[in-house]
Participant: 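The structure that follows is given in the form of structure tokens.
For reference, positions follow the sequence shown, starting with 1.
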Amino acid sequence: MELKALTFKLVFFLIFSPTNSVQTEAKSQEIKGMFVFGSSLVDNGNNNFLKNSSAKADYSPYGIDFPLGPSGRFSNGRNAIDVLGELLSLPCYIPPFADPKTRGRRIVNGVNYASGGSGILDETGELAGEVVSLSQQIRNFKNRTLPDFEAQTRGRCKGRFSNEYLSDYLFVVGTGGNDYLLNYFAPAKKQKPSLSQFTEVLVSKLTRQLKKLYRHGARKFVLFSIQPIGCIPVARANLQISNGSCIEALNEAALLFNKLLKSKALSLKHKMPGSNLIFVNSYNIIRSIIDNPHAHGFSDASRGCCELSADKGEGILCKRGGTTCSNRTSHVFFDGLHPTDAVNLRIAQKAYSSSLLEEAYPTNVKKLVYM
């Protein structure tokens with residue numbers, strides 16, 4: 001009898017103890033998917049479907065370390081979105097919007113709208129030919145995906161779709177670098193405002209776009225900063241300006257943008273009740289690697305790993321069928337602009353769980369899930 005009583009007490013404790021209640025509650029808190037907006041750093045294949053775009057990564061050696069091969073991701077392997085999805089235990093890669101198959105049940109874990117070469121401003125990206133601007137990406141979400149998404153999830157929402165259902169999804173935005181590289185600092189740009197005025201325009205427009213996403217149901221935002229664009233290989237290759245070093249004028253532009261975005265975007269919380277935004281400072285994450293690569297396990301922080309094309313993308317993209325370095329995990333950049341899988345892994349890990357405010361502010365993605 002004593003043994004039976006002890007067994008009953010043990011079972012009762014395991015089922016109803018506070019610790020077990022917390023675990024059960026934690027399991028109920030999950031992110032069902034992501035909706036992704038931005039440029040090539042988070043594009044996973046949308047530009048494959050743009051006939052007149054020169055910003056494509058649907059050929060070898062892109063994807064050399066990716067399970068699906070060349071997929072349109074501008075890296076040798078995963079981008080930061082792919083890794084973040086893995087950390088969130090999402091069941092599959094987020095599908096690109098432009099793929100005709102991204103409809104119906106395929107969208108229940110989110111959609112990626114990002115387009116390589118695009119920017120915050122509609123005119124950014126003209127050098128890359130056909131791109132999908134951030135404005136159009138958000139229209140695609142509203143007009144094409146959202147009605148389909150409502151139809152797919154209505155059964156789970158007891159017959160009626162509510163914007164509150166979207167609070168279980170992350171809205172990830174990574175854009176802005178091209179507005180400087182392909183717009184403000186472009187050689188063809190003769191007349192332009194001051195850097196501070198241009199940056200103010202960029203951040204103001206981006207915050208308006210975030211408000212639009214909020215009105216469409218977004219509640220959890222992850223904003224990626226601009227990376228150190230003055231340290232990318234294509235910038236360093238301009239020896240007349242850089243002498244092989246980072247071009248700090250470009251980095252100063254990125255820092256100005258990041259500081260203003262962090263300030264303005266996070267203040268939006270008061271204008272968007274029920275929302276939460278975090279700022280992932282990929283600039284700091286990458287710059288710390290570049291400044292001290294060996295301490296982070298890298299050996300080359302200045303050159304692209306792949307053989308660059310001389311006539312396509314002006315030394316930004318890999319040469320079609322070109323060679324690559326053998327030690328890709330020790331390179332910071334895969335081509336003239338985009339990080340390797342190894343760096344994207346670091347960015348996503350920091351975004352997900354870093355406790356350093358200079359990397360993820362005011363908190364990280366892991367804690368955002370429970371907000």
Side-chain angles (χ1 to χ4, degrees), residues 33-85 90 92-107 109-119 122 124-141 143-145 148 172-175 177-178 181-182 304-309 311-322 324 334-341 344:
M34 292 185 285
F35 293 100
V36 184
F37 307 83
S39 61
S40 56
L41 293 170
V42 292
D43 183 0
N44 66 347
N46 282 298
N47 280 18
N48 296 355
F49 302 90
L50 301 181
K51 183 179 179 181
N52 297 316
S53 177
S54 62
K56 293 185 178 183
D58 57 350
Y59 58 88
S60 176
Y62 288 110
I64 188 173
D65 299 309
F66 190 65
L68 305 178
S71 62
R73 289 165 173 81
F74 292 79
S75 182
N76 60 305
R78 301 161 295 178
N79 61 28
I81 299 301
D82 298 321
V83 181
L84 194 56
L90 298 184
C92 56
Y93 293 121
I94 307 299
F97 169 81
D99 187 340
K101 298 190 295 292
T102 304
R103 303 291 182 268
R105 295 294 302 167
R106 288 197 68 192
I107 71 172
N109 295 115
V111 176
N112 188 315
Y113 304 86
S115 175
S118 70
D122 291 348
T124 296
E126 290 179 356
L127 291 177
E130 185 181 5
V131 301
V132 183
S133 67
L134 180 62
S135 299
Q136 184 59 50
Q137 291 175 34
I138 294 175
R139 286 193 291 269
N140 288 340
F141 168 74
N143 299 328
R144 299 282 297 281
T145 301
D148 192 4
V172 185
V173 181
T175 187
N178 288 334
L181 291 172
L182 304 180
C305 171
C306 74
E307 181 182 1
L308 298 176
S309 173
D311 58 356
K312 184 178 183 181
E314 297 182 349
I316 294 178
L317 300 180
C318 295
K319 179 180 178 181
R320 185 177 293 271
T324 66
F334 185 61
D335 58 13
L337 170 62
H338 306 96
T340 56
D341 177 282
N344 287 327

Participant: Can you tell me how far NZ of K319 sits from OH of Y59, rounded to the nearest 0.5 angstrom?
Facilitator: 11.0 Å
Participant: Less than 4.5 Å apart, side chain to side chain, heavy atoms only: is that true for N109 and P95?
Facilitator: no
Participant: Going through the checks in order, is the side chain to side chain contact (heavy atoms under 4.5 Å, CB included) test met by R78 and N344?
Facilitator: CA-CA 7 Å; R78 301 161 295 178; N344 287 327; 5.7 Å; no
Participant: Between the side chains of S75 and R73, does any donor sit under 3.5 Å from an acceptor?
Facilitator: no
Participant: Taking the side chain as everything from C-beta on, heavy atoms only, tell me whether V132 gets closer than 4.5 Å to F97.
Facilitator: no
Participant: If you measure only the distance, is there a donor-acceptor pair under 3.5 Å linking the side chains of S115 and D43?
Facilitator: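 No donor-acceptor contact under 3.5 Å links the two side chains.
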Participant: From F35 CZ over to N140 CG, what is the distance, rounded to the nearest 0.5 angstrom?
Facilitator: 13.0 Å
Participant: Check V42 against A114 and note the closest heavy-atom contact, atom names and distance.
Facilitator: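 Looking at all heavy atoms of both residues, the shortest contact is CG2-CB, 3.6 Å.
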Participant: Atom CD of E307 and atom CG of D335: how far apart are they, to the nearest 0.5 Å?
Facilitator: 13.0 Å
Participant: Output the distance between atom CE (M34) and atom CD1 (I81), rounded to the nearest 0.5 Å.
Facilitator: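 One finds 5.5 Å between CE of M34 and CD1 of I81.
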Participant: Do T102 and I107 have side chains that approach each other closer than 4.5 Å (heavy atoms only, starting at C-beta)?
Facilitator: yes
Participant: Ignoring hydrogens and geometry, is there a side-chain-to-backbone donor-acceptor pair from N47 to K56 under 3.5 Å?
Facilitator: no
Participant: Please find the pair of heavy atoms, one from F334 and one from C318, that lie closest to each other, and give the distance.
Facilitator: CE2-SG, 3.6 Å
Participant: Between Y93 and N112, does any side-chain donor sit less than 3.5 Å from a side-chain acceptor?
Facilitator: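 N112 and Y93 do not have a side-chain donor-acceptor pair below 3.5 Å.
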Participant: For E130 and S53, work out which heavy atoms get closest and say how close.
Facilitator: O-CB, 2.9 Å
Participant: Below 4.5 Å, heavy atoms only, C-beta onward: do S118 and Q137 meet side chain to side chain?
Facilitator: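 A side-chain contact under 4.5 Å exists here.
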Participant: Is it true that D341 and N76 share a donor-acceptor pair across their side chains at a distance under 3.5 Å?
Facilitator: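 No, no side-chain donor-acceptor pair sits under 3.5 Å.
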Participant: To the nearest 0.5 Å, what is the distance between OG (S54) and CD1 (I316)?
Facilitator: 9.0 Å
Participant: Going by heavy atoms in the side chains, are T175 and F37 under 4.5 Å from each other?
Facilitator: no
Participant: N79 and L41: which non-hydrogen atoms are nearest, and at how many Å?
Facilitator: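 That closest heavy-atom pairing would be CB-O, 3.7 Å.
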Participant: With distance as the sole criterion, is a donor-acceptor pair present between the side chains of T124 and N178 under 3.5 Å?
Facilitator: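 N178 and T124 do not have a side-chain donor-acceptor pair below 3.5 Å.
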Participant: What closest approach, in Å, do S133 and D122 show between heavy atoms, and which atom pair accounts for it?
Facilitator: OG-OD1, 3.4 Å
Participant: Is any side-chain heavy atom of H338 less than 4.5 Å from a side-chain heavy atom of L317?
Facilitator: yes
Participant: For atom CZ of R144, decide whether the heavy atoms of other residues, nucleotides or ligands shown that lie under 6.0 angstrom number more than 12.
Facilitator: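 No - once you tally the heavy atoms of other residues, nucleotides and ligands closer than 6.0 Å, there are 12 at most.
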Participant: Quick one: CZ on F74 to CG on L337, what's the gap to the nearest 0.5 Å?
Facilitator: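 CG of L337 is found 9.0 Å from CZ of F74.
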Participant: What's the shortest heavy-atom distance between G321 and P61, and which atoms?
Facilitator: N-CD, 4.1 Å
Participant: Using only atom types and a distance under 3.5 Å, with no angle test, would you say the side chain of D148 pairs donor to acceptor with the backbone of G104?
Facilitator: yes
